[in-house]
Number of protein chains: 2
Amino acid sequence: MAQPKKAASIWDVARLAGVSHQTVSRVVNGSPRVAAATRDKVLEAIAELGYRPNRLARSLAGGAVESVTVLTADTSLYGPEAALRGIEKAARSLEWSVSISVLDPADTHSDADIIARLPRAGEPTIIMAHDEPGMRAKQVLLDTQPHAMVAIGPYTADELAASPWLVGMDDGKAAAEATRYLLELGHETVHHLAIPTSTGTFGGGKAHRADGWARVLREAGREVPEPVPSGWTITEAFKAVRPLVSDPAVTAILCGNDHLALATLRAAHLAGRSVPGDLSIVGFDNTPFSAFTTPALTTVNQDFESVGRGAFELLRHRVDSSTPRPRPSWPEPELIVRETSGPPRP
Amino acid sequence: MAQPKKAASIWDVARLAGVSHQTVSRVVNGSPRVAAATRDKVLEAIAELGYRPNRLARSLAGGAVESVTVLTADTSLYGPEAALRGIEKAARSLEWSVSISVLDPADTHSDADIIARLPRAGEPTIIMAHDEPGMRAKQVLLDTQPHAMVAIGPYTADELAASPWLVGMDDGKAAAEATRYLLELGHETVHHLAIPTSTGTFGGGKAHRADGWARVLREAGREVPEPVPSGWTITEAFKAVRPLVSDPAVTAILCGNDHLALATLRAAHLAGRSVPGDLSIVGFDNTPFSAFTTPALTTVNQDFESVGRGAFELLRHRVDSSTPRPRPSWPEPELIVRETSGPPRP
DNA sequence: GCGAAATGCGTGAGCGCTAACATCGCTCGG
DNA sequence: CCGAGCGATGTTAGCGCTCACGCATTTCGC
């Protein structure tokens with residue numbers, strides 16, 4: 001039984017059930033035009049042989065597409081990881097399969113290189129376009145197969161509405177909210193430890209975290225300090241933020257994500273600055289660990305999993321327009337105040 | 001240009017190059033028996049049409065398999081996530097595609113349900129068998145297609161050598177080392193906050209973390225306290241560990257992973273116990289954040305990414321025995337002493 | 001009660017590719 | 001100078017499936 005016995009095909013089932021292969025196909029695909037008695041016979045044969053349709057053959061033959069490829073640059077980041085989970089869940093429930101291909105942030109991928117990652121031309125694809133490699137992949141697919149791609153990234157409601165292949169949340173708005181909160185607490189200004197941007201420059205998109213932060217400061221007539229750029233890793237963040245935390249004039253830092261915030265917390269501790277007494281820290285994403293640091297991180301909750309699901313549904317609609325066009329339906333980002341934020345010392 | 005134009009097939013290339021489709025196939029697959037001039041003509045035609053072979057058709061036609069499916073129950077756990085990254089990297093370098101299917105720990109999957117996740121019979125599969133759903137999936141595939149599967153999990157060197165489809169590290173040995181370290185520090189005994197086991201019972205495998213811990217305590221003639229079972233999430237860990245940290249008799253806790261350790265750290269803080277003064281805490285996995293908690297976590301480093309790569313290579317060997325059988329070649333787990341461990345107060 | 005539509009099923013072609021064999025022309029030993 | 005031998009190519013037959021038909025039977029409107 002454990003030997004590599006060849007799997008049953010549609011023909012085997014047809015023979016056993018005494019019908020044509022096409023009838024088996026009809027039963028498998030739930031066509032209504034099959035007599036109940038025939039259907040039962042076929043079903044029985046299927047069960048007996050343990051027949052399972054071969055997905056590859058199915059899509060080769062021009063049947064419905066049943067796979068998505070996810071392009072992302074970093075699976076260890078909480079956002080993409082959670083979005084991937086959302087995509088996988090949604091896909092699973094429809095029996096689609098999910099492939100994943102990781103873009104290396106170190107190489108500059110050529111267009112051909114990106115296209116070569118897709119198992120075939122026209123493969124439905126979701127791109128995590130929150131960073132440079134992602135943005136590049138987005139552009140390539142937009143040029144080659146715009147009808148079979150969806151990109152996830154930080155965009156304003158207007159941008160989202162304008163581009164039917166875009167899914168995401170308005171990080172800028174959320175960052176603005178967080179910044180406003182810190183200002184209301186009485187901080188003179190708020191500094192920013194920034195994640196790498198997708199465009200390579202700050203303020204590249206209105207929905208970027210750094211942009212929302214800067215906007216609020218400007219509107220409030222405050223000084224807008226130079227944002228401190230950090231890489232994605234905690235180690236990079238730690239190095240980048242050290243000068244900032246040791247400056248006593250800095251009383252509040254908005255961090256691009258919770259990992260950066262953790263590094264900031266650590267750096268503040270080592271610099272002998274108490275949090276939130278001397279320094280308020282606000283993170284981003286509400287990563288699971290953020291509630292359990294000491295002190296617990298004030299952060300911005302983001303429902304990436306729902307965004308991932310939304311991306312999948314949108315993609316499905318784009319690939320097969322007979323499915324409903326989903327409306328964005330995830331919660332807005334929301335500030336969660338915990339222990340790392342408070343009023344500045346007078 | 002942006003319209004859904006059909007992609008070029010092998011026939012289109014053949015026509016343009018003035019050869020048969022088989023010759024194109026030979027060129028694409030690097031067969032040596034093609035005249036240089038012909039090869040160049042074909043290559044030129046390929047470039048002109050932007051032809052890319054269709055993976056689906058290729059494997060349908062019985063060509064080499066070029067895809068792996070990874071079955072895992074939790075992509076947010078550091079171990080599986082890192083192993084997946086290793087698999088993806090190794091696969092990418094050979095142009096294999098990687099699919100992922102997440103097992104829901106909540107349902108009991110039927111055998112058929114697990115098999116239905118594979119895109120076709122005989123699909124090469126890697127299973128993350130560190131928990132109950134993973135173990136079950138492992139068993140199902142072992143029964144149905146043992147030649148095209150590899151499982152990753154905690155196993156001793158002997159177990160690994162005995163099962164040619166197994167890859168992993170000896171967590172028990174690493175846990176033993178960590179426990180010994182705590183004992184040498186002078187702790188009377190060491191408590192254990194345990195991750196869920198793959199078998200549902202403690203001590204189910206010699207290479208389990210809880211097993212290594214218990215073994216050392218027994219060997220040292222110490223009392224072996226009842227291990228405290230926790231779920232995988234930080235929140236569950238926090239609830240589970242509270243009674244433990246508030247017991248002043250407890251001076252050292254070995255945690256099943258760094259997330260549990262973080263929860264323990266938090267619980268200790270809230271219970272007013274200083275770390276490592278009143279309580280030593282040791283984690284597991286050397287999750288990136290672990291160096292940046294305050295105090296920084298003492299933990300056990302594990303190179304999951306290498307294990308993932310090893311799993312992929314082993315799978316490739318099993319599917320196609322003409323490829324070399326890889327030898328396990330990853331670093332042993334290693335204790336990293338940071339700030340959460342120290343001698344007990346006298 | 002007769003034509004038209006609906007139903008139930010089968011046939012043939014083809015998706016893009018590879019494996020296996022067939023064919024052609026050339027070189028080379030004797 | 002002829003056939004064995006080989007290298008370079010073409011031909012054929014699928015892989016497992018779906019589409020687009022085709023052809024009987026039934027069902028139904030009026």
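What you are looking at is a predicted structure, and each value in this text was computed from that prediction instead of being measured. In what follows, every heavy atom counts, from backbone to side chain, and hydrogens, waters and symmetry copies are set aside.
- Contacts classified as side chain to side chain donor-acceptor pair (under 3.5 Å) and involving residues 57-69 of chain A (residues at least two apart or in different chains) are given here: N29(A)-R58(A), S67(A)-E123(A), T69(A)-E123(A).
- Put simply, CG on L60(B) is 7 Å from P on dG16(D), counting in whole angstrom units.
- Taking the screw axis at each terminus of the helix from dG1(C)-dC30(D) to dG30(C)-dC1(D) from five consecutive base pairs, the angle between the two is 30° to within rounding of 10 degrees.
- Take the nearest nucleotide of DNA chain D for G62(B) and for Q22(B): the residue whose nucleotide is more 5' is Q22(B).
- Bracketed by its first and final contacts, the part of DNA chain C lying under 4.0 Å from non-hydrogen atoms of chain A reaches from dT7(C) to dG16(C) in 5' to 3' order.
- The nearest whole Å value for the distance from the NE2 atom in H21(B) to the C1' atom in dG14(D) is 11 Å.
- Pairs engaging residues 38-56 of chain A under the side chain to side chain donor-acceptor pair (under 3.5 Å) rule: none recorded [sequence neighbours left out].
- Legend: residues meeting salt bridge (charged side-chain N to carboxylate O under 4.0 Å, His left out) with R318(A), ordered by chain and number and at least two apart, are absent.
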Table of protein N/O atoms under 3.5 Å from nucleotides 5-9 of chain D N/O atoms:
from, atom 1, to, atom 2, distance (Å)
dG7(D), OP2, R33(B), NH2, 3.2
dT9(D), OP1, T38(B), OG1, 2.5
dT9(D), OP2, A35(B), N, 2.8
dT9(D), OP2, T38(B), OG1, 3.4

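- Judged as a side-chain contact (heavy atoms from CB on, under 4.5 Å), and not counting sequence neighbours, the contacts of V319(B) are V65(B), P124(B), A148(B), L315(B).
- Remark: A61(A) pairs with no residue by the side-chain contact (heavy atoms from CB on, under 4.5 Å) rule, at least two apart or across chains.
- Within a heavy-atom distance below 4.0 Å of DNA chain C, no residue of residues 42-57 of chain A is found.
- Closest heavy-atom contact between L71(B) and A137(B): CD2-CB, 4.1 Å.
- Across D12(A) and A8(A), no two heavy atoms sit closer than the pair OD2-CA, 3.4 Å.
- Between H130(A) and W232(A), the ring centre distance stays below 6.0 Å.
- Heavy-atom minimum distance, P326(A) versus G310(A): CG-O, 4.4 Å.
- The pair R85(B)-E81(B) meets the salt-bridge criterion, since a charged nitrogen lies less than 4.0 angstrom from a carboxylate oxygen.
- Applying the salt bridge (Lys or Arg N to Asp or Glu O under 4.0 Å) test to every pair with at least one member in residues 320-329 of chain B, sequence neighbours left out, gives no pairs at all.
- Applying the side-chain hydrogen bond (donor to acceptor under 3.5 Å, both in side chains) criterion to S76(A), with sequence neighbours excluded, gives D74(A).
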Let me have the donor-acceptor pairs involving side chains of residues 96-105 of chain A, under 3.5 Å, with sequence neighbours excluded, atom names and distances please.
from, atom 1, to, atom 2, distance (Å)
S99(A), OG, S99(B), OG, 2.9
S101(A), OG, R117(A), NH1, 2.7
S101(A), OG, R92(B), NH1, 2.9
D104(A), OD1, A106(A), N, 2.8

